[in-house]
4 protein chains.
Amino acid sequence: MIKAGIVGISGYTGVELLKLLLHHRQVQVAYIASRSHAGKRIDQLYPFLKGFSNLVIEKIDIEKIKTLDVVFLALPHTVSAGIVKDIFPHVKVVDLSADFRLDIDVYERWYKVRHPAKELIDEAVYGISELNRDKIKHCSLLANPGCYATSVILALAPIADLIDDSVIVDAKSGVSGAGKSLKESMLFCEVNENFKAYAVGSHRHVAEIEQQFGLNNRIVFTAHLLPVQRGILSTIYVNLKRAVDIKIFDEFYKSEFFIRIVDNPPQIVDVKGTNFCNIYPALIDDKRLVIVSVIDNLIKGAAGQAIQNMNIMLGLDEKEGLYPAPYYP
Amino acid sequence: MIKAGIVGISGYTGVELLKLLLHHRQVQVAYIASRSHAGKRIDQLYPFLKGFSNLVIEKIDIEKIKTLDVVFLALPHTVSAGIVKDIFPHVKVVDLSADFRLDIDVYERWYKVRHPAKELIDEAVYGISELNRDKIKHCSLLANPGCYATSVILALAPIADLIDDSVIVDAKSGVSGAGKSLKESMLFCEVNENFKAYAVGSHRHVAEIEQQFGLNNRIVFTAHLLPVQRGILSTIYVNLKRAVDIKIFDEFYKSEFFIRIVDNPPQIVDVKGTNFCNIYPALIDDKRLVIVSVIDNLIKGAAGQAIQNMNIMLGLDEKEGLYPAPYYP
Amino acid sequence: MIKAGIVGISGYTGVELLKLLLHHRQVQVAYIASRSHAGKRIDQLYPFLKGFSNLVIEKIDIEKIKTLDVVFLALPHTVSAGIVKDIFPHVKVVDLSADFRLDIDVYERWYKVRHPAKELIDEAVYGISELNRDKIKHCSLLANPGCYATSVILALAPIADLIDDSVIVDAKSGVSGAGKSLKESMLFCEVNENFKAYAVGSHRHVAEIEQQFGLNNRIVFTAHLLPVQRGILSTIYVNLKRAVDIKIFDEFYKSEFFIRIVDNPPQIVDVKGTNFCNIYPALIDDKRLVIVSVIDNLIKGAAGQAIQNMNIMLGLDEKEGLYPAPYYP
Amino acid sequence: MIKAGIVGISGYTGVELLKLLLHHRQVQVAYIASRSHAGKRIDQLYPFLKGFSNLVIEKIDIEKIKTLDVVFLALPHTVSAGIVKDIFPHVKVVDLSADFRLDIDVYERWYKVRHPAKELIDEAVYGISELNRDKIKHCSLLANPGCYATSVILALAPIADLIDDSVIVDAKSGVSGAGKSLKESMLFCEVNENFKAYAVGSHRHVAEIEQQFGLNNRIVFTAHLLPVQRGILSTIYVNLKRAVDIKIFDEFYKSEFFIRIVDNPPQIVDVKGTNFCNIYPALIDDKRLVIVSVIDNLIKGAAGQAIQNMNIMLGLDEKEGLYPAPYYP
């Protein structure tokens with residue numbers, strides 16, 4: 001069995017990684033760590049895991065991490081890079097923070113911090129699994145994409161060359177995308193029966209999308225907070241350079257298991273609990289295209305794509321551990 | 001006291017009208033009617049009204065309606081026009097259906113029915129209160145705007161002349177906007193923890209917006225269903241003909257009580273339970289503008305604006321009966 | 001106009017007091033204070049109040065409070081009593097904390113703190129408005145009841161003398177009952193689509209109920225957290241000493257505006273947004289009675305009853321400022 | 001592979017059976033049927049199943065059912081028995097309706113219909129898996145218990161002999177327990193932000209509990225509707241004949257994988273998405289016991305227990321196909 005570790009187990013992404021890997025037939029989670037809950041058994045933190053995992057949450061221990069085959073880092077930016085610096089290249093790393101997704105100047109402009117391991121950025125591969133599979137196969141440091149960015153990049157990829165002028169992305173995310181942080185704005189009474197726009201016109205994740213397609217400064221992005229736990233739905237408005245056949249989407253993804261081109265407007269429930277991305281392209285006329293894209297932000301937008309990437313890095317079946325168990329109702 | 005009637009009391013808009021009018025100091029609801037619950041006392045249908053209203057739901061009775069000073073029709077399209085035909089001009093009418101909002105050809109194209117009273121369309125005034133106040137004052141047949149249309153028209157009005165090419169409207173509505181209809185897609189288990197796009201690229205309400213501004217075929221509209229009971233948030237993307245000072249919004253609405261230009265991205269809770277429309281304009285650069293607009297779909301988007309319009313028609317204080325009781329938390 | 005103050009404006013109860021008092025025709029809020037937001041305008045904290053109140057949040061200032069006619073304290077226990085000590089009897093006090101609800105020994109046993117103003121406990125009147133009206137009229141220090149306690153005491157009062165052995169109270173509260181505190185367990189993702197029992201067998205509020213009826217140690221109470229913002233529904237199981245006519249409930253409350261005895265199982269929506277308590281008594285057989293009671297925890301369970309009590313203390317119409325605006329849908 | 005069928009695929013229980021059986025390593029679903037959607041492919045009805053199942057929904061066909069090894073009937077009562085009559089004993093039947101759970105007189109009293117196959121009631125085994133395992137092994141007609149009944153029977157079993165006088169069951173269920181029926185009371189706007197009691201004092205499922213323990217007329221039961229999709233939490237109040245050691249619960253279930261005795265009050269999220277039942281027993285004093293029990297109503301309360309029972313009937317590993325995938329967050 002391949003020995004995996006999860007650092008940052010106390011957040012939503014950390015526990016999602018663990019839940020998914022419990023079903024992975026080639027990988028065993030051998031180490032879980034957290035900055036805040038070391039010493040507790042995992043089922044004390046998450047009673048629903050009682051009887052399934054006896055793992056004890058450990059402190060972050062560089063030497064222990066080095067003994068693993070692969071480690072997932074589900075940590076805030078800069079914290080993550082600080083650890084990568086010490087463990088690379090002793091262990092394969094799937095980093096779910098933003099630290100290795102962007103060129104250094106773009107990173108420092110958006111995150112307004114000094115990067116603690118900028119010398120490693122060139123080692124990293126940006127992991128939209130379906131688009132970068134060949135590079136992912138050979139990498140040891142995987143920068144797992146942001147959730148918003150995943151939903152948009154997968155939607156735009158088939159027509160990236162045809163984009164005229166700017167793209168408008170109106171994205172809506174469930175609350176787990178913000179992590180388990182103690183902010184007043186994340187309290188039940190503030191989120192429930194409410195809906196809000198934020199980051200109007202721009203968002204950190206835009207940098208990932210622009211970098212992917214070379215669309216500098218051409219994406220107008222607005223983020224919104226949905227009163228749901230999981231899911232991202234992005235509605236994307238594109239002006240096309242020339243008329244296009246909508247079948248280009250089916251063609252582009254015809255071999256991809258986790259991408260479903262659909263012919264009705266999608267909803268979050270279509271992908272909730274799974275690693276799928278559903279994409280609905282709709283032509284308004286010859287020059288105007290609307291694309292609606294939907295993912296589970298914690299799975300295809302985080303833990304699921306991370307495992308998909310790990311599978312590619314380790315030469316395993318890409319779908320292993322990601323067999324869907326859709327949440328419905 | 002002015003004697004008012006509400007026809008269509010069993011829907012969400014009907015009961016919202018009643019709730020608001022209970023606090024109106026010049027108007028008394030003297031008649032409530034429904035196609036399906038005639039004979040019941042209102043507090044049998046709505047137990048929360050026990051002790052507040054003894055009204056009995058009646059059948060729709062043309063002669064009784066003619067004895068009123070004003071009547072609100074909260075009915076499906078065509079049903080509404082069929083009644084207006086019989087009661088006009090004996091009583092002032094505030095019609096909340098789509099029947100008198102559009103030119104006849106536009107109406108028949110979108111609603112795919114024959115209009116039962118097309119000869120009265122010219123009598124009607126389209127009631128965005130803030131924009132058409134002068135006409136509303138003198139009218140006897142008021143076409144109350146659609147909820148989506150209200151949120152968009154109010155947002156676009158200050159820069160209507162500056163719109164270059166097309167406008168993108170990404171609108172999200174709470175569930176009460178769909179009325180109290182028995183559809184599987186409106187069941188709790190189908191809506192909760194879900195979010196979906198529908199009417200991608202176009203929606204009936206677009207016709208109202210295009211007609212208001214003469215923007216034929218230039219609005220790309222997508223509707224979305226939010227898992228909340230009340231509220232519409234519209235995110236609107238405009239390319240401008242020329243640079244504009246954002247203060248134009250404050251200036252345009254400086255005398256309007258129910259319009260608040262805000263400098264932070266708005267949320268539904270900012271207007272829930274009230275007749276306000278909050279508008280947040282944000283310039284991306286000289287030529288690109290994002291406007292976020294938020295209303296309570298049942299109040300400013302339906303019953304509240306209807307009462308505001310009635311107040312104008314009857315020469316009353318425009319705010320009467322609309323004193324806000326924001327819902328929070 | 002009577003001059004009122006609200007200390008603790010930043011919590012859910014504080015802002016509910018303000019919202020309700022904005023509609024009170026004899027009382028004007030002249031002072032609002034908070035330990036954490038002094039200096040901000042109220043509409044910076046709560047944008048939905050923009051245009052309705054220009055009040056600036058002040059520091060807690062004993063001298064200023066003394067200039068008021070009445071002050072509402074919406075503060076944590078012990079903090080509240082510490083202030084009462086300094087302002088009593090210069091100003092009439094409605095205290096929404098637990099500090100003056102209980103006998104000193106009961107208080108110190110449940111709250112495990114020293115009471116900072118125990119000499120004033122005898123001055124205080126416990127304010128279930130409908131039951132203690134005569135005492136409330138003449139008091140200057142009002143201990144406003146707990147939300148759970150209100151829902152249970154009102155339900156039990158008509159048959160208090162008939163209770164055989166113990167009473168079982170299975171109570172369920174919306175999230176706002178826990179206040180606006182930053183706890184992980186109050187985050188949207190932890191509360192939504194979830195439901196939990198807590199305080200199994202006992203709860204602080206039980207002391208208020210037992211004290212009211214002299215039922216020492218005879219109430220078995222379990223609290224539960226509902227994934228809703230507002231509302232408490234208590235299901236109460238009583239063994240009766242002897243057969244009783246259910247009409248005793250109607251009789252007992254026949255003159256009470258805010259108590260509605262209903263003949264169908266109640267729901268939160270029946271009282272949400274209002275100061276009502278709906279009570280549904282159902283006999284199982286001669287000796288066993290189930291009572292379901294429902295209130296809005298922030299209104300009849302806190303701010304509403306507080307204003308009702310103030311009205312009684314000041315000789316005003318008991319309903320003033322409490323005219324219902326039910327939230328539906 | 002064992003060939004299974006699901007009749008009643010369009011309801012929540014039907015699709016839950018299919019979702020779970022997709023992961024079962026010895027059983028293949030060979031036939032799905034519905035009274036209303038015959039002819040559609042399953043992923044037209046449930047887009048989230050696209051790519052996972054190509055099954056076409058068929059009409060209910062007695063001859064086809066007879067060719068299966070086992071069939072699950074997720075149908076309304078009487079409809080189910082009508083089919084069992086025709087297919088028994090040609091195929092093993094797991095019936096999820098109420099038709100074979102009760103003695104004929106009890107059944108007809110509660111359901112107020114004539115039983116269409118009363119001669120088969122004696123063939124049926126009532127399937128609380130943990131309690132009736134030996135009988136289940138040898139049966140061909142399995143009456144799968146009601147969801148409320150499951151949550152209560154499992155909680156009471158360890159102390160069934162010690163119950164003094166009556167038991168009070170205060171049960172709260174998520175909305176999926178009511179099925180996918182088109183009732184106004186199940187619309188999102190009616191359920192969300194609401195909570196209600198119903199069936200106060202009694203409920204059909206009580207008959208199952210009383211029959212299991214011979215507690216005729218001794219259970220006082222109140223059902224409540226929670227604004228969540230999944231989950232039942234039952235709070236049970238028992239007077240004991242004599243003092244009991246709480247460890248009796250651990251002892252009773254020590255070999256049971258799917259029962260977890262917990263030492264903190266449970267919540268729905270502890271079992272959501274799984275076949276577990278968490279039970280929390282808390283002594284108030286020597287004679288009074290509170291038990292809180294929680295299950296996922298669609299899994300341990302329906303589809304999961306049905307598969308567990310099928311596993312027992314077919315001699316398979318009882319846990320197969322029920323490997324948990326807890327839903328969190």
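Chain identifiers are assigned alphabetically (A, B, ...) following the order of the sequence lines, protein sequences preceding nucleic acid strands; residue numbering begins at 1 within each chain.
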Value for CG (D:N194) from NZ (C:K272), rounded to nearest 0.5 Å, stands at 6.5 Å
For D:K19, what residues pass the salt bridge (Lys or Arg N to Asp or Glu O under 4.0 Å) criterion, not counting sequence neighbours?
D:E16
Side chain / backbone / both / neither for C:A282 at chain D, heavy atoms under 4.5 Å
side chain
Which region of D:V290, side chain (C-beta onward) or backbone (N, CA, C, O), has a non-hydrogen atom less than 4.5 Å from a non-hydrogen atom of chain C, or is it both or neither?
side chain
Most contact-rich option vs chain C, by heavy-atom pairs under 4.5 angstrom, among D:D285, D:L233, D:I284, is D:L233
All side chain to side chain donor-acceptor pair (under 3.5 Å) counterparts of C:K254, not counting sequence neighbours:
C:E251
Expected contact set for residues 216-232 of chain C against chain D at heavy-atom separation under 4.5 Å reads C:N217, C:R218, C:V220, C:T222, C:H224, C:L226, C:P227, C:V228, C:Q229, C:R230
Checking side-chain polar atoms at under 3.5 Å, does D:Y328 have a donor or acceptor matched by the opposite partner on C:E193?
no
Heavy atoms under 4.5 Å from chain D: which residues of residues 164-171 of chain C carry them?
C:S166, C:I168, C:V169, C:D170
If one checks every heavy atom of D:Y280 against chain C at 4.5 Å, the contacting part turns out to be side chain
